[in-house]
Amino acid sequence: MTPSLPLVVAIFAAPAANLPTELWQVAPDPRVKLLEKAPAAKERAVVLIPGLKIHPLRPSVSTRPEMHSFQEPGSEIVRALSKEFDVYAWGYAQTVPMDVVAHSPGLRRAVQGLRDAGYKDIVLIGHSAGGVIARIFVQAYPDSGVTKLITVASPHAGAELADLIRAGYPKVQAPFIQSLATELRSDNLGGKIPDKLEMVCVVCKLKRLDFDGLVTVSTQWPENCQEAGVPAVLLQVIHWDAMHNPQSTKMISDLARIKLTRWNAAEVGIAQKVLLHGQEERKSFFRRDPKP
């Protein structure tokens, strides 16, 4: 039997407290560590949170915070976001379950540091597992100061690949990878999405397929998001290119910039038919920005 979220957090309480994390500013001042009450260049901040990156040949890399390529200064998405935001990259050791990462003191300190710096808006953008971590965080800490959440190709309800693959990756990363299992994720989709939080699920897929090469469409816009009226935006892009592709990075930066509102029941119903039942002729519905 898969352990529930409270049990998982209790088991890994000590690792969570000691989990190595890091926050870097990547625009306008690359790799500057955020200092308490540091001056903000702009009034809005974005934090980019990465997902899983397996290190089969150098497992020790996963035991410390690592900046992924899309978080690097000068990347496509950093350039797009830096026009209106100060951009930060958050990194973490991938040696504990995702739930534990979300509850780590490091993520709370990072967000609190941004509040202390004077930012009026704090936007979390999480790719893949990073989006799940961010969603768990905002649900657990609704008063953290996060004003918007964008999840990109995120396996909220789990990744079937994690169910199938039980070997071939470093043992040190096993807890993180196994926490992507569909049984565990489906059991831990509960929790209320804060009413005041602006949120959108960026759903990625390949043409004529119901997944993006790694994560299925249905898990990227989970039931609790549908019930809360969280909008979904569809992009035809492969999972690993979602944070690099010019079309998708423009869409993500636009979503970070504009005001997001929740969908009503009718809009959610249309989206369910299009996104979850493969009505190809209605894809254009998802290519518009959510209503301002």
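Numbering of residues begins at 1 and proceeds along the displayed sequence.
- Across Ile125, Val233, Val203, a single residue satisfies side-chain contact (heavy atoms from CB on, under 4.5 Å) together with Val152, and that is Ile125.
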Atom pairs and distances, donor-acceptor, side-chain atoms in residues 126-133, under 3.5 Å, two or more places apart:
unit_1: His127; atom_1: NE2; unit_2: His239; atom_2: O; d: 3.1
unit_1: Ser128; atom_1: OG; unit_2: His239; atom_2: NE2; d: 3.0

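- Aromatic pair Trp90/Tyr88: centroids not less than 6.0 angstrom apart.
- Criterion: ILVMFWY side-chain heavy atoms under 4.5 Å apart, direct or through other members. Under it, Val172 and Tyr169 are not part of a common hydrophobic cluster.
- In this structure, Asp241 and Ser248 have side chains that are not in contact, with every pair of non-hydrogen atoms separated by 4.5 Å or more.
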Could you go step by step and tell me if Val230 and Cys201 meet the side chain to side chain contact (heavy atoms under 4.5 Å, CB included) rule? CA-CA 7 Å; Val230 172; Cys201 295; 4.1 Å; yes
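- The backbone N or O of Val215 sits less than 3.5 Å from a side-chain atom of Gln220, completing a donor-acceptor pair.
- Lys250 contributes no side-chain N or O that, together with a main-chain N or O of Asp254, makes up a donor-acceptor pair within less than 3.5 Å.
- With a 4.5 Å cut-off on side-chain heavy atoms, Asp86 and Arg44 do not count as touching.
- Scanning all heavy atoms of the two residues, the minimum distance from Trp221 to Ala271 falls at CH2-CB, 3.5 Å.
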Checking Lys42 against Glu84 for the salt bridge (Lys or Arg N to Asp or Glu O under 4.0 Å) test, could you report, in this order, the C-alpha distance in whole Å, the side-chain angles of both residues, the deciding distance, and whether it holds? CA-CA 7 Å; Lys42 296 182 175 68; Glu84 296 192 32; over 6 Å; no
Report the C-alpha distance between Lys205 and Asp210 in whole Å, list the side-chain angles of each, state the deciding distance to 0.1 Å, and finish with yes or no for side chain to side chain contact (heavy atoms under 4.5 Å, CB included). CA-CA 6 Å; Lys205 73 181 294 293; Asp210 68 348; 5.5 Å; no
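- In summary, Glu198 and Lys259 engage in a salt bridge, as defined by a charged side-chain N under 4.0 Å from a carboxylate O.
- Remark: the backbone N or O of His103 is paired with a side-chain donor or acceptor of Arg108 at under 3.5 angstrom.
- With hydrogens and angles ignored, the 3.5 Å screen pairs no side-chain donor or acceptor of Thr219 with any backbone N or O of Thr216.
- The distance from atom CG of Leu197 to atom CZ of Arg262, rounded to the nearest 0.5 Å, is 6.0 Å.
- The two residues Val26 and Ala89 come nearest to each other via the heavy atoms CG1-CB, 4.1 Å.
- Checked by atom type and distance alone, the side chain of Glu76 never pairs as donor or acceptor with a backbone atom of Asn245 at under 3.5 Å.
- Between Asp99 and Ile136, the closest side-chain pair of non-hydrogen atoms falls below 4.5 Å.
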Could you walk me through whether Leu19 and Thr95 pass side chain to side chain contact (heavy atoms under 4.5 Å, CB included), step by step? CA-CA 8 Å; Leu19 185 72; Thr95 56; 4.0 Å; yes
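- When atom types are taken as modelled, the side chain of Ser75 and the backbone of Phe70 share a donor-acceptor pair closer than 3.5 angstrom.
- You'll find the side chain of Val47 stays beyond 4.5 Å of the side chain of Val146, heavy atoms only.
- Two residues are said to be in side-chain contact when any heavy atoms from C-beta on lie closer than 4.5 Å; Ile122 and Lys148 fail this criterion.
- Under a 3.5 Å cut-off, the side chain of Glu72 and the backbone N or O of Ser69 do not form any donor-acceptor pair.
- Leu206 contributes atom CG, which lies 11.5 Å from atom CZ of Arg208 (distance to the nearest 0.5 angstrom).
- Between Ile54 and Gln173, the closest side-chain pair of non-hydrogen atoms falls below 4.5 Å.
- Residues Met199 and Cys225 approach most closely at CE-SG, 3.6 Å, considering heavy atoms.
- Looking at Leu180 and Pro155, their side chains come closer than 4.5 Å, going by heavy atoms from C-beta outward.
- Phe176 has its side chain within reach of Met98: a pair of non-hydrogen atoms, C-beta onward, lies under 4.5 Å apart.
- A donor atom on one side chain and an acceptor atom on the other are not found under 3.5 Å apart for His55 and Gln94.
- If you chain together hydrophobic residues whose side chains sit under 4.5 Å apart, Val61 and Met67 never meet in one group.
- When all heavy atoms of Arg58 and Arg64 are compared, the pair lying nearest together is NH2-NH2, 4.1 Å.
- Closest non-hydrogen pair, Ala228 versus Ile193, comes out as CB-CD1, 4.2 Å.
- By the 30° and 60° cut-offs, the orientation of the rings of Tyr141 relative to Phe137 is tilted.
- Closest heavy-atom contact between Leu149 and Ala134: CD1-CB, 3.4 Å.
- With no hydrogens or angles considered, a side-chain donor-acceptor pair links Asn224 and Gln139 at under 3.5 Å.
- Partner of Tyr92 under the side-chain contact (heavy atoms from CB on, under 4.5 Å) criterion, out of Pro65, Ser104, Pro50: Pro50 alone.
- Distance check: Glu66 CD to Glu22 CD gives 13.0 Å after rounding to the nearest 0.5 Å.
- A donor atom on one side chain and an acceptor atom on the other are not found under 3.5 Å apart for Arg185 and His156.
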Take Leu48 and Val78 through the side chain to side chain contact (heavy atoms under 4.5 Å, CB included) test and state the conclusion after the steps. CA-CA 9 Å; Leu48 298 173; Val78 169; 3.9 Å; yes
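- Rounded to the nearest 0.5 angstrom, Ile77 CD1 and His244 NE2 are separated by 9.0 Å.
- Here the CG-CD1 distance, from Leu275 to Ile270, works out to 13.0 Å after rounding to the nearest 0.5 Å.
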